[in-house]
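Take a look at the structure below.
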Amino acid sequence: MLSLQDIDCRDLPDFDQHERVIACRDPDTGLDALIALHDTTRGPALGGVRMHAYSDRGAAVTDVLRLAQGMSYKAALADLPLGGGKAVIIGAPAAPPAGAKSSTLLHAFGRAVHALNGAYLAGQDSGITVNDLVEIGTSTPHTVGTAARQAADGRSVSGDPSPSTARGVLVAIQSALDHRQGSSSLAGVRVAIQGLGAVGAKLAEALLDAGAVLTVADVRAAHLAPFQERTNVTIVDGATIHRSDVDVFAPCALGGVLNAKTIRQIKARVVAGAANNQLATAADADRLLQRGILYAPDYVANAGGLIQLYHVRAGKDGTAINASVDGIAATLRRIFIESDAESVSTARVADAHARTLLKQQHRSHSRVA
Ligand code: NAD
């Protein structure tokens, strides 16, 4: 039988006044999951469901706490009426017999999401496919990004957030170039993209269309294939792409790629990409600042997907979604200007803005209540 139990995380280093952290267990299906609601004063907590074979329970708790807080910050800076939350399912994401991911387990997780009455909206994250989300959605309507929806103009808008994430990263690169060199033109600009997956491949095509010259890397041959023998594309190794002699480095694969070692080796003057948690530690943002590398904070640059998920759910059309995604440029401009003025890293400026916005929301919420 499914059980939901709030767990006390107040003593953990990654606890940031999270509203709730709920352990969801169902011995019948093997479900062992955590749902964290960081802050729901702006609206329901929208965040992906991740499935991963964590080395221990503590690692899963740390992950869900950090990811949920990150979603609150992302939604606040994207000016969306959403809160931040995240879920992790503990277990190998392959289907049985090799892994734990059965339909019955996903249905049980859906019942756990449903029990939160819409406070948490479940999206897709690593280890969970759109089809898995559809399975989860058989137990609850509180899922996002499962299917195309009818927009206000009658056309259908895809549930896949990656096109908007790629658009947002493109806008972020342009905003950073504009700030750094007074022009957002991409003609002849050299960009290194690490990872040509759902986002990276779309970003690469958009950059080539705009006249950029690309250096790309991916660990999967199938993802490199469309870029082989293309004009203005050089393929390099994924482990060393950050060292490329380029103007912009766009991490679109893994977290932690900006660390004490790689930052010393980066030649690009701008870092802007889609990957979550690009900074290995908070101090790495200071290292980038010291080296004069302009960093577009990841959760600001990659907010396009979240913006799309929200607007599709609200029935907005593609034009409205694109306009909202393009707003990432102005948000970054404010962050860059403040970072210069205060000599504080862009990441610290972005975090401070997010915290201020959440505090303001709390104050107006308590006035209304
Ligand atoms: P994806 O899995 O489709 O693509 C990731 C790509 O990176 C794959 O092609 C993979 O082979 C490649 N890769 C893995 N390790 C690599 C390495 N060492 N060197 C080079 N390439 C490597 O994922 P995605 O949806 O394109 O997302 C990319 C990143 O952006 C992820 O960190 C994701 O969390 C983040 N993100 C994605 C979205 C979205 O809308 N999909 C939104 C926000 C953030």
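Whatever order the structure lists them in is the order used to number ligands and atoms, beginning at 1. Along the sequence shown, the residues carry numbers beginning at 1. All of these numbers come straight from a predicted model, not from anything done at the bench.
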List, one per line, each side-chain donor-acceptor pair under 3.5 Å for residues 183-193, sequence neighbours excluded.
from	atom 1	to	atom 2	distance (Å)
Ser183	OG	Ser185	N	3.1
Ser185	OG	Ala187	N	3.2
Arg190	NE	Asp247	OD2	3.3
Arg190	NH1	Asp245	O	3.0
Arg190	NH2	Asp247	OD1	3.0

Please list the nearest protein heavy atom to atom 19 (N) of ligand 1 with its residue and the distance rounded to 0.1 Å. Gly238 CA, 3.6 Å
Which of the numbered atoms in ligand 1 are under 4.0 angstrom from any heavy atom belonging to Pro161? 40 (O)
At under 4.0 Å between heavy atoms, which part of Ala275 makes contact with ligand 1: side chain, backbone, both or neither? both
Pairing of Asp218 and Arg220 as salt bridge, 4.0 angstrom limit: no
Please say whether Ala274 places an N or O atom under 3.5 Å from an N or O atom belonging to ligand 1. yes
Distance from atom 28 (C) of ligand 1 to nearest protein heavy atom, with residue and atom: Cys252 O, 3.2 Å
Is it true that Met51 and Val64 fall in one hydrophobic cluster, defined by side-chain heavy atoms closer than 4.5 Å? no
Tell me whether the rings of Phe336 and His179 are parallel (<30°), tilted (30 to 60°) or perpendicular (>60°). tilted
Just need the protein heavy atom nearest to atom 40 (O) of ligand 1, so name the residue and atom and give the distance. Thr165 OG1, 2.7 Å
Assess whether a salt bridge exists between Arg57 and Asp32, defined as any Lys/Arg side-chain N lying under 4.0 Å from an Asp/Glu carboxylate O. yes
Check Gly238 against Gln194 and note the closest heavy-atom contact, atom names and distance. O-NE2, 3.0 Å
Are any of the N/O atoms in Asn276 less than 3.5 Å from those in ligand 1? yes
Indicate yes or no: does Asp284 engage Arg287 in a salt bridge with an N to O separation below 4.0 Å. yes
Heavy-atom proximity to atom 13 (N) of ligand 1 ranks first, among Gly273, Ala301, Ala253, for Ala253
among protein heavy atoms, the one nearest atom 17 (C) of ligand 1 is Val219 CG1, 3.6 Å
Starting from atom 3 (O) of ligand 1, what is the nearest protein heavy atom, named by residue and atom, and what distance separates them? Ala198 N, 2.9 Å
Could you tell me whether Arg220 and ligand 1 have an N or O pair separated by under 3.5 Å? yes
Should the proximity of Leu254 to ligand 1, defined as any heavy atom under 4.0 Å, be assigned to the side chain, the backbone, both, or neither? side chain
Give, for atom OG of Ser162 and atom NZ of Lys202, the distance between the pair rounded to the nearest 0.5 Å. 3.0 Å
Measure the CG-NE2 distance between Leu65 and His38 for me, rounded to the nearest 0.5 Å. 9.0 Å
Distance from atom 12 (C) of ligand 1 to nearest protein heavy atom, with residue and atom: Asp218 OD2, 3.2 Å
What protein heavy atom lies closest to atom 27 (O) of ligand 1? Include the residue and the distance to one decimal. Val199 CG2, 4.0 Å
Would you mind running through ligand 1 and noting each atom that sits below 4.0 Å from a heavy atom of His223? 8 (C), 9 (O)
Would a single hydrophobic cluster contain both Leu196 and Val213, if residues Ile, Leu, Val, Met, Phe, Trp and Tyr are joined by side-chain heavy-atom contacts under 4.5 Å? no
Considering only non-hydrogen protein atoms, determine which one is nearest to atom 4 (O) of ligand 1 and report residue, atom name and distance to 0.1 Å. Gly197 CA, 3.2 Å
